[in-house]
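Worksheet: one structure, shown below.
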Amino acid sequence: AALFGMKKASGGGVLLAGFLHNHRRLESRIHARLAHFAAAIAAQPQSRTGGNAMNAVLVPISDFPSSHAALARVAAEHRRNPDLVVHLLNVRRPLSGRVVRLVRRSLRYDYYREKGALALAPAREILDRQRIPYQAHVLVGHAAELIAEEAKRLRCDRIVMSTARRALIAAHNTDSA
């Protein structure tokens with residue numbers, strides 16, 4: 001009888017022996033590849049503070065001053081680990097559909113960039129005063145999704161942000177003035 005176009009071997013042992021031989025070869029190749037990856041990871045340089053140190057952190061900054069509270073923790077971590085890479089992120093809400101239809105794309109991008117720069121200015125000043133290097137980013141869209149995506153893209157170990165309660169209190173105080 002034919003099995004997938006192949007004739008059945010007498011005794012059935014030939015197919016089994018061939019399968020086992022190929023399986024062992026494949027298994028040894030997998031183990032060799034894993035050993036290669038392990039050696040490559042072990043050869044990577046460790047930071048000065050040890051293998052578990054943070055190397056990158058994302059700090060979302062909103063329009064509210066309470067979002068700057070997270071910078072104190074980042075500054076303290078930077079003193080312990082000078083290799084820390086700090087990313088500031090401001091996420092702007094997209095303009096409404098009517099505005100999008102009426103305003104040119106370049107003007108909208110300028111608006112987002114200007115508003116983002118205004119929101120990031122106090123945080124930048126705090127980090128500049130403490131001589132902490134950073135990179136600033138402004139994105140447009142849904143904040144939670146973009147923060148997670150940007151942290152992944154930038155390979156950040158942590159996202160450091162102030163508590164929602166403080167931001168809520170600041171928003172209430174800002175609106176009531």
Side-chain angles (χ1 to χ4, degrees), residues 34 36-97 99-100 103-177:
L34 288 174
H36 172 72
F37 285 141
I41 290 171
Q44 288 180 350
Q46 299 289 326
S47 70
R48 284 184 263 169
T49 57
N52 294 332
M54 275 193 314
N55 291 327
V57 64
L58 180 69
V59 185
I61 301 294
S62 70
D63 294 332
F64 302 114
S66 63
S67 66
H68 306 144
L71 294 173
R73 281 188 281 159
V74 171
E77 179 63 32
H78 188 268
R79 283 190 292 276
R80 286 190 297 274
N81 178 12
D83 296 333
L84 182 69
V85 177
V86 178
H87 295 278
L88 300 177
L89 174 65
N90 178 256
V91 180
R92 307 303 311 166
R93 236 183 292 166
L95 296 170
S96 72
V99 174
V100 168
V103 178
R104 283 190 321 224
R105 181 181 301 190
S106 62
L107 292 176
R108 291 192 318 259
Y109 287 159
D110 289 344
Y111 171 79
Y112 293 135
R113 203 173 11 261
E114 287 174 20
K115 286 295 198 174
L118 283 172
L120 290 170
R124 293 174 85 133
E125 186 179 319
I126 291 168
L127 294 178
D128 286 341
R129 258 185 286 145
Q130 297 184 31
R131 293 192 172 106
I132 297 174
Y134 59 88
Q135 295 176 20
H137 312 272
V138 177
L139 299 176
V140 178
H142 187 260
E145 291 172 5
L146 286 177
I147 290 169
E149 288 172 10
E150 194 69 358
K152 188 175 183 179
R153 186 185 74 80
L154 295 170
R155 295 187 173 139
C156 293
D157 301 304
R158 285 194 338 193
I159 299 171
V160 179
M161 54 196 317
S162 63
T163 62
R165 193 176 314 149
R166 286 184 187 160
L168 210 76
I169 292 169
H172 176 69
N173 290 339
T174 303
D175 291 340
S176 64

Q. What pairs meet the ring-ring contact (aromatic ring centres under 6.0 Å, His included) rule with one or both residues in residues 72-94, with sequence neighbours excluded?
A. H87-H137
Q) Side chains of V140 and Y109: closer than 4.5 Å at any heavy-atom pair? A) no
Q.
I'd like to check the side chain to side chain contact (heavy atoms under 4.5 Å, CB included) partners of S106; sequence neighbours left out, ordered by chain and number.
A. R104
Distance-only criterion, 3.5 Å: show the donor-acceptor pairs between side-chain atoms of residues 123-130 and protein atoms not counting sequence neighbours.
residue, atom, partner, partner atom, Å
R124, NE, Y134, OH, 3.2
D128, OD1, Y134, OH, 3.2
D128, OD2, Y134, OH, 3.4

Q. Looking only at heavy atoms, what is the nearest atom pair of V74 and L84, with distance?
A. O-CD2, 4.0 Å
Q: Please check if the side chain of R92 supplies one atom and the backbone of V138 the other of a donor-acceptor pair under 3.5 Å.
A: no
Q | Residue pair V57, E77: steps toward the side chain to side chain contact (heavy atoms under 4.5 Å, CB included) verdict | A | CA-CA 10 Å; V57 64; E77 179 63 32; over 6 Å; no
Q: Only pairs at least two apart or in different chains count here, so list each salt bridge (charged side-chain N to carboxylate O under 4.0 Å, His left out) that has a residue in residues 67-76.
A: none
Q. Under 3.5 Å, side chain of Y112 to main-chain N/O of P94, donor-acceptor pair present?
A. no
Q: Indicate yes or no: at least one non-hydrogen side-chain atom of I159 is less than 4.5 angstrom from one of P60.
A: yes
Q.
Taking S66's backbone N and O only, do any of them form a donor-acceptor pair with S162's side chain (distance below 3.5 Å, no angle check)?
A. yes
Output side-chain donor-acceptor pairs under 3.5 Å for residues 143-156, partner residues at least two apart or in another chain, one line each.
residue, atom, partner, partner atom, Å
E150, OE1, R153, NE, 3.2
E150, OE2, R153, NH2, 2.7

(Q) What I'd like to find out is whether the side chain of L71 reaches to under 4.5 Å of the side chain of L88, using heavy atoms alone. (A) yes
Q. Between atom CD of Q135 and atom CG of L89, what is the distance when rounded to the nearest 0.5 Å?
A. 12.0 Å
If you look only at distance, which donor and acceptor atoms sit under 3.5 Å apart when one is on a side chain in residues 113-121 and the other is two or more places apart or in another chain?
residue, atom, partner, partner atom, Å
R113, NH2, D110, OD1, 2.5

Q. What are the two closest non-hydrogen atoms of S67 and S62, and how far apart are they?
A. OG-N, 3.2 Å
